[in-house]
Structure formats: C-alpha cells, structure tokens
Protein chains: 2
Amino acid sequence: MTVLETQGFLPHIAFDSVIFGFSKGKLKILLMEYHDTGWLALPGGFVRKEEDLDEAAKRGLKERTGLDNIYLEQFYTFGNMARFKPEVMQTILEANGFFLDPDHWMLDRFISVSYFALINFEKVILTPDELSDSIAWYEIDSLPKLILDHNAIVAKALQTLRENLERKLIGGNLLPERFTMNELQQVYEAIFGEKIRRTTFQRKMLGLDILERHEKLYTGKSHKAPYLYSFKKV
Amino acid sequence: MTVLETQGFLPHIAFDSVIFGFSKGKLKILLMEYHDTGWLALPGGFVRKEEDLDEAAKRGLKERTGLDNIYLEQFYTFGNMARFKPEVMQTILEANGFFLDPDHWMLDRFISVSYFALINFEKVILTPDELSDSIAWYEIDSLPKLILDHNAIVAKALQTLRENLERKLIGGNLLPERFTMNELQQVYEAIFGEKIRRTTFQRKMLGLDILERHEKLYTGKSHKAPYLYSFKKV
DNA sequence: GTTCTATTGTAACATATTGAGACAATAATA
DNA sequence: TATTATTGTCTCAATATGTTACAATAGAAC
C-alpha cells in the first residue's frame, strides 16, 4: 500500500501528532525529515473511511514509534485557509518520484486534527514513513522551522500540556516505570520551562498520595542515594 | 441558497456549537428542533471550500443568534464511526421534502469540530435554520435526548468550560456589560453546579483587580443596594 | 419619624497551603 | 576518618482560603 492510493482515506482530513519525550533533562518532540527537501514536519497521516479518528492517531503513533497504549490527547483542530499550500505537498511528493494530477486528493485542502502524546523515551523504536529520510528527536526549546503551520501546532500542544499538567498527573508518562523524585522534578521543569523549588515540589508530590516508594537507587555517586518511586496503580 | 447545494462545502467536515447563555440563575444552551421529527440537535453547519474553519463557526453563530464578536472557543473534534448514522440526516431531510441520492455528500460520514460560545442572553435574536421549526433555550441540567452524539458534545463542552473558568476570567461573557457581584456569583454557581461562599467569592474577585466598580443598583427591594461592576478593559 | 427585614460590603480570626531556609542522614571518595 | 554532594524532612514565615461577625443601608411596615 502506498500513500497515493485514492481509495480508503477521508479527503480533507488529516491528523498530526506532537510526540513528547524526555531525555537528559530536556523535553523533546519527534520530527520527520522529508526526502531530498530537508523539510521538517510533525508525524501525521490520514483517516481511513471506516476508522475512528482516535484510532487513526493511535495507528500513526504505532507506525512511527512502535508503541501501543500511549498517553494520547486530542488538543486542537487547525483549519485555516492559510495552511492550504498544495505546492508544499506537491514538492514533497515529487522529491519522492510521484507526479500527481493537480486535483489529486492529497493536494487538496486539509484540516488537521492534532494530538499530543507523552511517551517513555527509552522504549521508542523509530521508523520513518515512506516519504521521509528520518524521524528523530528535537529539543522543544530550539526547534527549527517546520512546514506549514506545524510550529504553531507545537506551540499549542505545549500550551495545552502545561495547562493539563496542573490538573492531571500526566507527567509520569514521560518517565520509566520507576524514577527518582529529582527526575520527576526535571520533567516538570522542562515542561514549564522554569526551575522549581526542590523541597516544595517533594512535599507536594508526596502529599498527593499518588506515589509508591520503592528501593533506593545507588548510582555510584558519593552522596545519599535517592528512593525510586512509581505511580500507584488505579 | 439551500443546504442541498453540492458545490461550495467541504465534504466530511461539520461544526457544531454549544452556545451557553445565562438567565434567571440557570445556565442554558441553544438547541434546534428539526421539522416534523421533533428531534433536537446542536446548531451547526458546514465549512465552505475557501473559508477558515473558525470563520465557519462564527458565521453559524451569527446566523442563529444575530451576534458578532462573541466569545468562541474550539474544544474538541468528534470523529468516531459510531456517530455516522446516515439515516438520521436522511430522515431530517425527508421530513423537509428532500429526497437525496444515497451517495449525496450530506449523507456521508462527518467529523464534527465543536465550539462553545458564551453570549449575553439578552442580546440574542434567535433564527431557526431552514430545516428546523425552532431554536430555543434549554436548561443545561435537564437536557432532553439529542441526536447522534450531541449529548456527549455538550458534556465535553461543559467540562471544558469548567476547566477554563478556573484559569481564564471568561464568566463575564455571559452577563450584560454591568452586573452585580451576586449575578457574577450566580454564573459561577450555575457553571460549577454548586454553591459558593459569598464573602470568599467577593474577596477573591475584588482581589484579582479586574473589576471596575460603578454606581449602585437600586432595585426597589428593601435592603442595601449592591454596586454594579464591569470588567476592566484591556 | 421609628422600627424592622433582607442583603451587602468588609473586617476579623482560624485554618490550610506554599515559600524559604536549616539540618541531619548518607554514599562514595580522598 | 574527614570531606563532598545530594536527599529527606522539619521549622518558621508568608499567603491564601474558610468562617463568622457585624455595621451599613434601602425600602416596607407602622
């Protein structure tokens, strides 16, 4: 199956995913680099005619990262005319050797239903799609220029993530099963983009009664070893 | 122009609006009753081929309420297969004397980009669309059964409104330009569905430094007259 | 006018939450 | 054994919020 099949997908509707990961103290997202053009874009795709919208997003996530069962949240649908630039998709396709009719469905106007995902960086197996050379991690606070309105999509995703983090306890989705308090704090600091007071953070997290304390983690460093924590199962 | 024109609209994409108003201490939304069927639905519409998605929602709002310049926020896009029930739209259209080809675009699968609006109840001039008998206010906490997934759309709208109210100061959009502290409190109570302590609410609102105090409102009641307030202009 | 009632605006105090610093515990190293 | 960096927890101060109290009034009843 190729992306060029005319049957099977809903026209005018796409999805894009802002996939967040956390590594070495930095918040990162996945970007794809299209063949020959050097253009960067969010991973995305189209919706099958008999497929739930959410299922399409999950399928796309699975195809790029190999991961199932991911924290995935729809946050906004982008549908301005300004994002309709058929020459962009045309250039990408031509760089891959596809020369389409100007009224081909893939060159039509699309609205993009956008999702963000929080994943455990360590578990990802990255796989580019058939139009791109690579898929790789990019630091959220030094992103390059992306195609179309994808920079705006990332900005909105980050804004939504920040707002949600205050209400839901989703930060742990970016970490391995067991983590230290310091690692959890670094996740919060990376998302909010500012330092957090250590003692206040620790007291609040423990007070929420959502963490389970496990054995200590001996790293070989010459100081007191921190406890490992996991989120309590519901 | 009729809804049946085949040109001009993007297929598969609709919008629905949860339009909130506040009157007599109750939070209400606008619903349309389709001709002959008695079926109730959210006001909505389709997106023109060269129209911004947001503009389409604003246009729909203007058509039903006569209002421009409304607080309008996109909150979710519903796109599950479960909401694809062509017989519903077919019945509505037939009740209006339209008998369509089974592959007419209006009987196709749609995803619905959903918006909620906050409007000043007093200023609305209601106008049904061409398929419905009436458009009217219904209390949010005693809603009847709506078509398709529209009850779920309303539930999500209300949830988003509650979450946003804690972060943004949007409650005033449901009131006239000038209002008493008690009226503002009633808006908050209606949205959250619970009583709020008067003195705490007053202290917090005044402390936010967003209200301007005006003259007193003499209602003729035999007690101290409350001040009128408005939101400070930015 | 005087008294009464309902409601408003604000003060006062109690309680809870958060900010900020201090300090003992401890895992390796010198 | 002393030293260093980091962790876990405690304490006290500063804010914020919950709760009660009370004076100020706009009319109505008399």
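Order of the sequence lines sets the chain letters (A, B, ...), proteins ahead of strands, with each chain counted from 1. Values below: every heavy atom of this structure, side chains too, minus hydrogens, waters and symmetry copies.
With sequence neighbours left out, the side chain to side chain contact (heavy atoms under 4.5 Å, CB included) criterion links Arg203(B) to Thr200(B). Gln185(B) pairs by the side chain to side chain contact (heavy atoms under 4.5 Å, CB included) definition with Glu189(B), Ile196(B), Arg198(B), Phe201(B), not counting sequence neighbours. Residues passing the salt bridge (Lys or Arg N to Asp or Glu O under 4.0 Å) test with Lys62(B), sequence neighbours excluded: Asp68(B). Judged as a side chain to side chain contact (heavy atoms under 4.5 Å, CB included), and not counting sequence neighbours, the contacts of Asn164(A) are Glu73(A), Phe116(A), Thr160(A), Arg167(A), Lys168(A), Ile170(A).
When the C1' atom of dT7(D) is taken as reference, atom CD of Gln185(A) falls 12 Å away, rounded to whole Å. Across the protein-nucleic acid pair, Tyr227(B) atom OH and dT8(C) atom P stand 13 Å apart, rounded to whole Å. Going from atom CZ of Phe201(B) over to atom C1' of dT7(C) covers 16 Å, rounded to whole Å. In this entry the distance linking CZ of Phe179(A) with C1' of dT7(D) reads 16 Å, nearest Å. We find that CG of Leu206(B) is positioned 11 Å from P of dA11(C), with the value rounded to whole Å. Distance, Lys204(A) NZ to dG8(D) P: 18 Å, rounded to whole Å. Regarding Glu194(B), its CD atom lies at a distance of 11 Å from the P atom of dG18(D), rounded to whole Å. Whole-Å rounding puts the Met205(B) CE to dG9(C) P distance at 14 Å.
With Asn80(B) contributing its side chain and Asp52(A) its backbone, the two residues share no donor-acceptor pair below 3.5 Å. The closest donor-acceptor contact from the side chain of Arg83(B) to the backbone of Phe110(B) lies under 3.5 Å.
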Donor-acceptor list for residues 132-146 of chain A side chains, cut-off 3.5 Å, not counting sequence neighbours:
| residue | atom | partner | partner atom | Å |
| --- | --- | --- | --- | --- |
| Ser132(A) | OG | Asp129(A) | N | 3.2 |
| Ser132(A) | OG | Asp129(A) | O | 3.4 |
| Ser132(A) | OG | Asp129(A) | OD1 | 2.6 |
| Asp133(A) | OD1 | His35(A) | ND1 | 2.7 |

Please table the atom pairs, donor to acceptor, closer than 3.5 Å between any side-chain atom in residues 226-234 of chain A and protein atoms at least two apart or in another chain.
| residue | atom | partner | partner atom | Å |
| --- | --- | --- | --- | --- |
| Tyr229(A) | OH | Arg213(A) | NE | 3.2 |
| Tyr229(A) | OH | Arg213(A) | NH2 | 2.9 |
| Ser230(A) | OG | His214(A) | NE2 | 2.7 |
| Lys232(A) | NZ | Asp209(A) | OD1 | 2.9 |

N/O donor to acceptor pairs below 3.5 angstrom from side-chain atoms of residues 17-26 of chain B, sequence neighbours left out:
none

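For DNA chain C, no neighbouring residue in residues 161-169 of chain A is found when judged by any heavy atom under 4.0 Å.
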## Note on the structure
5' to 3', nucleotides 20-30 of chain C under a 4.0 Å protein heavy-atom cut-off (B base, S sugar-phosphate only, - none) gives BBB--BBBB--
